[in-house]
K.L.:
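First, the structure itself, so that you have it in front of you.
Read the numbers this way: they start at 1 and go in the same order the structure lists the ligands and their atoms. Predicted, not measured: the structure shown is a model, and the values here were computed from it.
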Amino acid sequence: MSIRLLALAGTLWIGIAGQVTLARTADTAADPATRAAAIVRKMTRAEKLQYVHGYFPPYQKLRPPQMANAAGHVPGVPRLGIPDLRESDASLGVANNVEQRPGDTATALPGTLALAATFDPALARSAGAMIGSEARAKTFNVLLAGGVNLTRDAWGGRNFEYFGEDPLLSGIMAGAAVAGVQSNHIIATVKHFAFNAQETGRDVLDARLDTQALQESDLLAFRIAIEDGQPGSVMCAYNKVNGIYACENPWLLTDVLRNEWHYPGFVMSDWGAVHSTDQAALGGLDQESGQELDDRIYFADALGASITAGRVPERRLDDMVTRILTAAIANGLVDDPVPATPQPIAAAADAAVAQRVAERGMVLLKNTRNVLPLARKARHVVLIGGHADVGVLSGGGSSQVRSVGGIPLEIPLTEGTAMSFARVTWHASSPLRALQAAMPGVTIDYVDGRDVPAAAAAAAKADVAIVFATQWRTEAQDLPGLALPDNQDALIGAVAKANPATVVVLETGGAVLMPWLDRVAAVVAAWYPGQRGGEALARLLTGDIDFAGRLPLTFPRSAAQLPRTGPADPARPIAYPERADVGYRWFGLRHETPLFPFGYGLGYGRVTCDDVRFAGGAHPQVSLTLRNTAARATTAVPQLYLVGPEQAPARLVGWQSTDLAPGETRRITIAADPRLLPRYRQGRWSILPGAYRLTVGLAADAPIATGSVTITDAAPSPS
Ligand code: BGC
């Protein structure tokens with residue numbers, strides 16, 4: 001062999017060895033975007049095209065073994081060390097809706113509203129970290145978690161998957177959950193970007209809002225979640241925003257997300273949300289997800305043809321792939337890949353996280369006659385309805401977790417848009433058994449509540465009656481109204497008449513109307529409480545721990561108080577008269593009194609609040625002294641609201657969930673989040689210096705103290 005040939009052989013060998021592990025070893029000190037760009041330069045056009053569209057595995061009859069039967073799969077490029085993207089839904093745990101993967105169970109958290117109700121970002125982070133660790137163990141490296149849409153409509157089918165109606169609370173809690181997921185070296189996604197406010201006609205509706213309203217509401221929530229959590233991807237929504245589909249909307253995906261927010265990650269479509277090749281690619285979509293659900297595949301050969309024809313520049317394809325790879329590298333998908341085969345999950349530790357979220361997120365709405373905590377002297381308690389003998393209700397749709405512990409009850413749907421992918425599912429966490437375990441020696445019975453007179457008769461014989469009222473929500477459908485379904489109002493009324501010591505536990509995905517409120521002694525919003533909800537509830541009802549949850553959304557007295565009285569007609573553009581004043585701000589603007597306000601929640605303790613001092617300037621804040629005057633541990637969640645400088649309803653600018661030991665006194669400071677100070681006007685964010693009002697309170701409409709301050713623009717940072 002000549003020297004020349006030897007040299008050539010050497011070069012080839014080095015080249016091939018280098019290529020196989022390129023993505024992993026290529027200068028790991030370089031920043032992710034630089035590494036991504038270096039890899040993209042080595043990719044063929046076919047390889048790049050392959051990475052910008054993904055399969056919907058349930059529709060793949062001949063699924064290759066490496067493709068999990070979950071929400072999505074994008075094949076990688078092994079010769080360059082580019083990983084497969086293995087995508088699962090995961091808002092409340094690693095999803096497995098309609099049991100796509102038989103026997104694959106995961107830990108089911110309570111609905112996201114419960115997490116929001118904790119007002120505890122550290123707990124949101126733990127919840128995300130728990131989900132992420134299970135996803136990783138199950139070999140998923142991209143999670144479709146993190147719904148950040150504001151709950152504009154009380155009947156929204158997916159409200160249970162979202163963080164409520166306030167942009168700061170939603171953004172901070174979602175950002176913390178995203179950071180928790182990604183601490184497992186996998187990607188999290190925030191969704192549905194943006195203004196997917198109702199399920200009715202979600203794939204055609206056209207949300208019409210002016211720029212200020214867009215920027216100061218849902219987009220603010222997304223921006224905060226993205227800044228705090230740095231999710232690898234953003235999922236664009238089904239609907240249109242100001243006439244243009246979200247997944248091909250250049251204002252949303254390019255002007256705002258990229259150019260204003262400098263978002264470095266990628267935009268994936270919702271499943272079935274792509275409507276074009278050129279407009280989507282040029283508008284800012286980087287990856288077509290679940291391609292079989294689109295009316296045709298837009299980002300494979302069709303995108304290649306558009307590039308060849310010069311309608312989409314090749315550099316745009318490079319940008320798409322660079323963004324996807326940047327997110328993959330930044331989040332460890334390349335340097336710390338998920339295991340090749342499923343690993344066990346830490347079921348006991350993870351269940352404890354689910355229980356903690358349930359314990360901290362349930363909200364005590366009413367408590368009279370000292371009915372709660374359940375007195376030790378109660379000899380006989382009857383539980384009524386809601387299948388409380390076997391478990392707790394869960395919300396339906398793509399977020400559905402097949403929970404550890406099994407599914408004691410599951411009812412298939414016989415009609416409706418969600419029929420093919422949702423079932424009414426209960427998690428095996430029986431409030432009956434949990435209460436029996438917590439109250440030994442007390443007789444605790446269960447009646448199913450279908451026979452109202454029989455339920456009332458059982459209540460009359462007991463010391464306390466606890467009615468479990470359920471309202472099921474699912475993705476793809478809105479509720480027909482805000483009343484409890486299935487004659488449950490009549491059941492509660494009859495039980496309360498038979499026994500004034502009636503407690504109502506609401507297992508709902510949001511607000512419901514309560515025509516019986518004056519007649520019952522206590523009400524608990526338990527949301528969808530997750531796979532340890534029964535145990536959490538038993539500890540709260542017996543007073544073992546105190547309620548710490550506060551409402552992340554307003555409970556109206558009637559739909560007439562709301563900007564709309566039902567789902568808007570998606571056949572026509574939807575104007576949102578509340579603009580950015582969603583939820584409690586709408587109530588503030590209209591001087592309406594809700595049934596229960598945003599931020600509200602009772603506890604067993606007694607907390608006083610003294611020596612309140614407000615400060616203005618560039619960093620507005622409040623300091624106050626909290627004192628737990630009770631002989632038991634409790635939690636206070638003081639909230640800071642800002643009004644002004646012009647006529648505008650109060651907006652939440654900060655809070656602090658504070659645990660207090662018996663008799664404890666604590667001085668705390670709540671700083672206004674600087675992202676809530678500026679308003680969006682004339683095309684930019686600016687702080688209007690001047691006189692403002694700050695209030696601190698234990699709910700949006702219950703100020704404890706109010707102060708006038710002058711707010712100035714932040715001083716320029718020293719150079
Ligand atoms: C939902 C998304 C979900 C996706 C994949 C869509 O129908 O809107 O939230 O991530 O399906 O399951």
Side-chain angles (χ1 to χ4, degrees), residues 53-60 67-74 85-101 106 111-112 131 135 140-149 151 156-163 174 177-178 181 186-205 218 222 225 231-240 245-247 266-275 285 287-295 395-402 416-422 473-478 509 570:
H53 64 102
Y55 296 91
F56 182 53
Y59 280 17
Q60 293 292 314
M67 186 187 284
N69 195 13
H73 185 94
V74 182
L85 301 181
R86 302 168 58 78
E87 301 171 337
S88 174
D89 279 296
S91 295
L92 327 175
V94 181
N96 184 6
N97 73 322
V98 296
E99 212 176 2
Q100 294 160 315
R101 299 182 306 284
T112 307
I131 298 175
F140 293 113
N141 57 12
V142 178
L143 293 195
L144 318 174
V148 193
N149 302 80
T151 52
R158 294 188 93 167
N159 286 4
F160 70 95
E161 284 188 66
Y162 300 140
F163 290 90
V178 161
V181 168
I186 59 177
I187 288 175
T189 307
V190 290
K191 65 188 188 183
H192 310 85
F193 193 68
F195 303 95
N196 182 172
Q198 69 176 34
E199 294 301 285
T200 307
R202 63 176 174 168
D203 47 352
V204 293
L205 76 83
D218 296 52
F222 273 100
S233 76
V234 170
M235 184 191 293
C236 51
Y238 284 119
N239 50 283
K240 295 176 186 164
Y245 280 113
C247 287
F266 68 104
V267 176
M268 66 162 76
S269 71
D270 200 342
W271 273 232
V274 186
H275 299 273
L285 178 66
Q287 194 175 62
E288 177 182 18
S289 312
Q291 58 190 18
E292 297 89 332
L293 297 172
D294 288 325
D295 49 13
S398 58
S399 67
Q400 181 73 62
V401 176
R402 212 68 211 163
T417 338
M419 196 171 96
S420 63
F421 71 113
R473 298 196 191 210
T474 180
E475 174 183 344
Q477 291 173 199
D478 291 316

K.L.:
Please check this pair: side chain of Glu475 against backbone of Ser398, looking for a donor-acceptor N/O pair closer than 3.5 Å.
P.N.:
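Yes: the side chain of Glu475 pairs with the backbone of Ser398.
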K.L.:
May I ask you to decide if Thr417's main-chain N or O and Gln477's side chain share a donor-acceptor pair within less than 3.5 Å?
P.N.:
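Present.
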K.L.:
Applying ring pair (Phe, Tyr, Trp, His ring centres under 6.0 Å), can you list everything that pairs with Phe222, at least two apart in sequence or on another chain?
P.N.:
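With sequence neighbours excluded, Phe222 shows a ring pair (Phe, Tyr, Trp, His ring centres under 6.0 Å) to Phe193, given in chain and number order.
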K.L.:
Heavy-atom cut-off of under 4.0 Å around ligand 1: list whichever protein residues fall inside it, by chain and number.
P.N.:
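Shell around ligand 1 (4.0 Å, heavy atoms): Ala71, Asp89, Leu144, Arg158, Lys191, His192, Arg202, Met235, Tyr238, Asp270, Trp271, Ser398, Glu475.
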K.L.:
Would you say the ring centers of His275 and Tyr245 fall short of 6.0 Å from each other?
P.N.:
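Yes - the distance between ring centres of His275 and Tyr245 falls below the 6.0 Å cut-off.
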K.L.:
Does the distance from a Lys or Arg side-chain N to an Asp or Glu carboxylate O, for Lys240 and Asp203, drop under 4.0 Å?
P.N.:
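Salt bridge absent between Lys240 and Asp203.
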K.L.:
What is the ring orientation for Tyr59 with Phe56, classed by angle as parallel under 30°, tilted 30 to 60°, or perpendicular over 60°?
P.N.:
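If you compare the ring of Tyr59 with that of Phe56, the planes turn out perpendicular.
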